[in-house]
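Remember, predicted model here, so these are calculated numbers, not experimental data. Throughout, residue positions are numbered sequentially from 1 according to the sequence presented.
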Amino acid sequence: MEGKSSLEPLEEETKMNAEPERKFGVVVVGVGRAGSVRMRDLRNPHASSAFLNLIGFVSRRELKCIDDVQQISLEDALSSQEVEVAYICSESTSHEDYIRQFLNAGKHILVEYPMALSRAAAQDLWDLAEQKAGPLEEERFGFPAFSGISRLTWLVSLFGELSVVSATLEERKEDQYMKMTVCLETENKRSFACPEYELLIYSPLTWIEEKGPGLKRNRHLSFHFKSGSLENMPNVGVNKNIFLKDQNIFVQKLLGQVSEKELIAEKKRILHCLWLAEEIQKYCC
């Protein structure tokens, strides 16, 4: 339902270059930044888009039409036999409710981070998916450990399963400022070899999530070693079209082209990250 795959883009393209035997009807729920990009990718001639047919979009706002795509009600999206897939692009706190409704209606789901705001809810939704269908204000986007879970997922992907050593949350609501500082420990509690970047990383890891007026959407990295420090990762190019790459992987799942081993590993990683986010919230509260 959510997450990334290790399949390379070239392999994705090769698997989907055949003429599709059928198209899956898609509805996009929420048309903010993510939803708008999803709609753009669905309408453009990409390999995975050939397997998908954009039926319409669902929004709480009365928009009627966006670039010739019609707005439809949530009730119609749930009941329509034409709609087989729902892209959930709304605010984080509504993800669980939307997922549950569309799964109960027998639809496939692609959901933005985070899938849910607790590990227990995510596990329950996964169980429901297996029965039915085969990644800011905290009030809208959840506790910072959940709204920033893509960063947490990145750390787990690099360093393996982690545990929380400590976590603090500094808030100045009158200044609209928030700073969450989390100390994480790798599984062996001492060091971790990261072959992707030819680094040896030592525990603990510190993750800082900071938001406030004038602060831009930037990511700063700092690795400290006995022999020196590394402030920048090697340049691996710009990560373009991440929404489209996500859609390509999703279509592979719809077509049964992702192995059971990969699906199990993805589920384990996502549930572990949600558990970490939950533990961080407990420490901060």
Side-chain angles (χ1 to χ4, degrees), residues 1-5 28-38 58 60 85-103 107-130 133 135-164 167 169 178-182 184 205 207-211 217 219 239 242-243 245-247 249-250 253 263-285:
M1 287 197 300
E2 175 191 25
K4 300 292 185 283
S5 166
V28 175
V29 181
V31 287
R33 177 180 174 272
S36 298
V37 175
R38 294 290 187 191
V58 174
R60 290 193 300 266
V85 172
Y87 283 14
I88 309 300
C89 308
S90 56
E91 62 269 17
S92 304
T93 50
S94 65
H95 286 182
E96 180 182 348
D97 182 51
Y98 279 131
I99 292 172
R100 198 174 297 280
Q101 289 188 70
F102 278 100
L103 285 178
K107 317 295 185 185
H108 298 284
I109 308 292
L110 185 152
V111 58
E112 303 297 337
Y113 287 120
M115 175 181 170
L117 296 183
S118 74
R119 185 188 185 282
Q123 181 67 65
D124 185 47
L125 291 173
W126 233 299
D127 293 342
L128 181 60
E130 290 168 357
L136 300 170
E137 297 92 3
E138 187 176 334
E139 293 78 13
R140 295 181 62 204
F141 297 100
F143 188 78
F146 287 97
S147 60
I149 204 164
S150 61
R151 268 79 72 193
L152 191 56
T153 302
W154 182 76
L155 290 173
V156 170
S157 295
L158 281 178
F159 309 132
E161 292 195 354
L162 303 170
S163 58
V164 182
L169 181 68
M178 178 281 300
K179 182 178 181 181
M180 180 183 71
T181 305
V182 182
L184 300 160
L205 299 167
W207 169 33
I208 299 174
E209 193 85 359
E210 190 175 23
K211 294 180 182 178
R217 294 172 62 92
R219 182 174 66 178
N239 191 9
I242 57 173
F243 289 98
K245 291 176 182 178
D246 196 40
Q247 176 178 287
I249 296 167
F250 179 68
K253 292 177 182 178
L263 292 172
I264 291 171
E266 178 186 65
K267 176 180 177 179
K268 181 181 178 183
R269 183 181 70 252
I270 291 169
L271 289 176
H272 175 68
C273 291
L274 288 168
W275 172 78
L276 281 174
E278 212 165 51
E279 290 297 297
I280 292 167
Q281 185 173 12
K282 288 177 183 176
Y283 270 90
C284 290
C285 292

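- Within the model, atoms CD1 of Ile109 and CG of Leu125 stand 9.5 Å from one another, a figure rounded to the nearest 0.5 Å.
- A salt bridge is absent between Lys282 and Glu278: the closest approach of a Lys/Arg side-chain nitrogen to an acidic carboxylate oxygen does not fall below 4.0 angstrom.
- Side-chain atoms of Thr181 do not come within 3.5 Å of backbone N or O of Ile208 as any donor-acceptor pair.
- Under the 4.5 Å side-chain criterion, counting only non-hydrogen atoms from C-beta, Ser90 is in contact with Tyr98.
- Leu152 and Ala277 get closest at one heavy-atom pair: CD2-N, 3.9 Å.
- Across Glu91 and Ser94, no two heavy atoms sit closer than the pair O-OG, 2.8 Å.
- Between the SG atom of Cys285 and the CZ atom of Phe143 there is a distance of 5.5 Å, given to the nearest 0.5 Å.
- Put simply, the side chain of Phe159 does not reach to within 4.5 Å of the side chain of Leu184, judged on heavy atoms.
- The side chain to side chain contact (heavy atoms under 4.5 Å, CB included) check on Val156 picks up Leu162, Arg269, His272, Cys273, Leu276, with sequence neighbours excluded.
- Across every non-hydrogen atom of Pro144 and Trp207, the tightest pair is O-CH2, 4.4 Å.
- Just one residue in the list Lys211, Gln281, Glu209 forms a side-chain contact (heavy atoms from CB on, under 4.5 Å) with Met180, and that residue is Glu209.
- Annotation for Tyr283 and Val164: closest pair OH-O, 3.4 Å, computed over non-hydrogen atoms.
- With values rounded to the nearest 0.5 angstrom, Trp126 atom CH2 is found 9.5 Å from Ile99 atom CD1.
- Residues Leu263 and Lys253 have side chains in contact (heavy-atom distance under 4.5 Å, counting atoms from C-beta outward).
- Between atom CG of residue Asp97 and atom CZ of residue Phe102 there is a gap of 10.0 Å, rounded to the nearest 0.5 Å.
- Note that the CD atom of Gln123 and the NZ atom of Lys267 stand 5.0 Å from one another [nearest 0.5 Å].
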Test side-chain contact (heavy atoms from CB on, under 4.5 Å) on Arg38 and Asp246 and set out the steps. CA-CA 10 Å; Arg38 294 290 187 191; Asp246 196 40; 2.8 Å; yes
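- Nearest heavy-atom pair, Ala116 versus Ala122, reported as atom, atom and distance to 0.1 Å: CB-N, 4.0 Å.
- Annotation for Leu274 and Arg119: closest pair CB-CA, 4.0 Å, computed over non-hydrogen atoms.
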